[in-house]
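Side-chain atoms are counted along with the backbone in the values below, which use heavy atoms only and exclude waters and symmetry mates. Order of the sequence lines fixes the chain letters, A, B, ..., with proteins taken first and strands second; residue numbering starts at 1 for each chain.
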Amino acid sequence: MSTQLAVIGVGQSKQAKRREVTIGAMVREAVAAAMADAELEFSDIDAVVLSKTPDLFDGVMNPELYLADAMGAVGLPVTRVFTGGSVGGHAAIYAAHLVEAGLARRVLVVAYSKESEGNFTWALSRGLPFSAQLGAGAGGHFAPVIREYIRRSAAPEHIGWQVAVNHRLNATRNPYAHVQRPDITVEEVRDSPMLWDPIRFLESCPSSDGSCAVVVTSEEYAGRTERPPAWIHGMAWRTETGHFAGRDEVNPRAGQACAAEAYRQAGIDAPLEQVDVAELYIPYSWYEPIWLENIGLAEPGAGWALVDQGRTAYGGDMPVNPSGGVLSGNPTGATGLLRFAEAALQVRGLAGEHQVDGARRAVGHAMGGASQFHALWVVGSTRR
Amino acid sequence: MSAEPGPPLPQPITSVKSPFRMDYTYVAGAGRSVFLRGLAERKLLARRCPGCSQVYLPPPEFCSRCLTELEAPFELDGRGTIATFCVVSFPFPGQTIEAPYVVAHIHHHGADTRLMHLIGDVAPDEVRIGMEVEPVWVGEDQLTTSMTSIRHYRPTGVAIGSESTRA
């Protein structure tokens, strides 16, 4: 990156199982908050990037057209990105690319899902020709990968329960988070219903309504308000196919390569020491150690020990998902952007009750599909 | 304006059901069609990459690693090991099998990819990583160019330990 890039506005809606507003109104909540944070008018925006799930999921076709008003996009180029659950991360990076390439001064990134208006289970479980009817759903895809991780790492089973507790306790400090369980205990997670053995109910993400928006710009237009920007120190996306011979879904190569490139740009050679806080895409609790290892915050097989030692809990030296993460709110189209936005809030010192003291460098991470799509950025409180 | 109260206002409507359907035309593609035609004849056809020697099952047309066209198809005997699995333990709408049931990643002998399918003819709590399994084919009249030609996989009864899965 030759130009210094920055996040100057962040907004998000309250997440809930069902928000009693239209999709447009819910999107507007996040957009208005991000624009107010950046102290900008729509006339200051040069392009809009929209992040969401396939139309089938919440039943509105071509929502980028319907949402033109809500996004302030009238007369502006709108690009819609789709890469599964990682889409928000990819959208943020794509917006940064537009600025870096000199095609825009300021780009508004908008992300949402209103899962209460559609039927995700149906959308994800349609019978397809030529395929076996496995009836497994999303968890049925990830559960075998988790079992393989547990076998390889010989991690004790309470690790999954502990992550579920950590993230839900974190969510109590985030007023936007959907799931609020201040009294959650390890025993409660352990005793919750088994869904896709080895995944239990309380180790799983919810289905949520929610939205998020950020404004990305260059150095020239950053730092014009009292609230500090988050400087983008490094960013990368990488993709691998879902079915290549020798693929290792426990530790996907695309995820490793994505993190390595972002760290290279950021000048990071010892991530665990040099990153203060991470917002990771963890839809099932065991994905905390899996991603810690995949993105180099732990050695292979050692991620679970960071959980066991309390280092990834709020107050630990490597706090993961102080916002409560995906386990506490999952509007899928916005989930990836929320990770990127929360990382930015941390280094700006604007994360409120879930602010990590002294957070100067943060990782935002998103994963999509069957761990095929990976996006990651490193943001900092000072220029790169 | 009259001071008399009008009829009570109706409850606000917050959602309206609006069912829709979409019809798709699916095309299997040249590579996958080879595999699907094999299934209709109870054959599991694999193909090897001339570049990296990896064997794909099911085979696409090109190696995803090398982008090289795969070699001529050859038949595998269908046996493999359970690389990993989960037990689907709860009912959900549209489910066609009664829970609990096992969905496994099966690593076929001689292949370098893994294939997802059901494990049957064994209690879910007896399924283990490394267990050897074989396909159970549907009856002659149900065979078709689809993975549904295999009803499920079942243990061969031969425990061969936790073979390295390479994947």
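Most heavy-atom pairs under 4.5 Å with chain B, from the set G140(A), P193(A), S131(A): that is S131(A).
With a 4.5 angstrom heavy-atom cutoff, L118(B) touches chain A via backbone and side-chain atoms both. The part of Y101(B) that comes within reach of chain A is its side chain, from C-beta onward, which places non-hydrogen atoms under 4.5 angstrom from that chain. In this structure, the portions of H117(B) lying under 4.5 Å from any heavy atom of chain A include both its backbone and its side chain. At a 4.5 Å heavy-atom cutoff, the contact between T241(A) and chain B is made by side-chain atoms alone. Of the two parts of L39(B), neither the backbone nor the side chain holds a non-hydrogen atom closer than 4.5 Å to a non-hydrogen atom of chain A. With a threshold of 4.5 angstrom between heavy atoms, P58(B) approaches chain A through its backbone and through its side chain.
Between L202(A) and R181(A), some side-chain heavy-atom pair lies under the 4.5 Å cut-off. Here the side chains of I23(A) and E117(A) are in contact, with some heavy-atom distance below 4.5 Å.
Atom CZ of R253(A) is surrounded by 12 or fewer heavy atoms from other residues, nucleotides or ligands within 6.0 Å.
Cation-pi contact between R147(A) and F85(B): present, with separation from the ring centre below 6.0 Å and deviation from the ring axis of at most 45°.
When each of R79(B), R154(B), H108(B) is tested with E134(B) by the rule side chain to side chain donor-acceptor pair (under 3.5 Å), just one qualifies, namely R154(B).
A donor-acceptor pair under 3.5 Å links the side-chain atoms of T84(B) to the main chain of P144(A), judged by distance alone.
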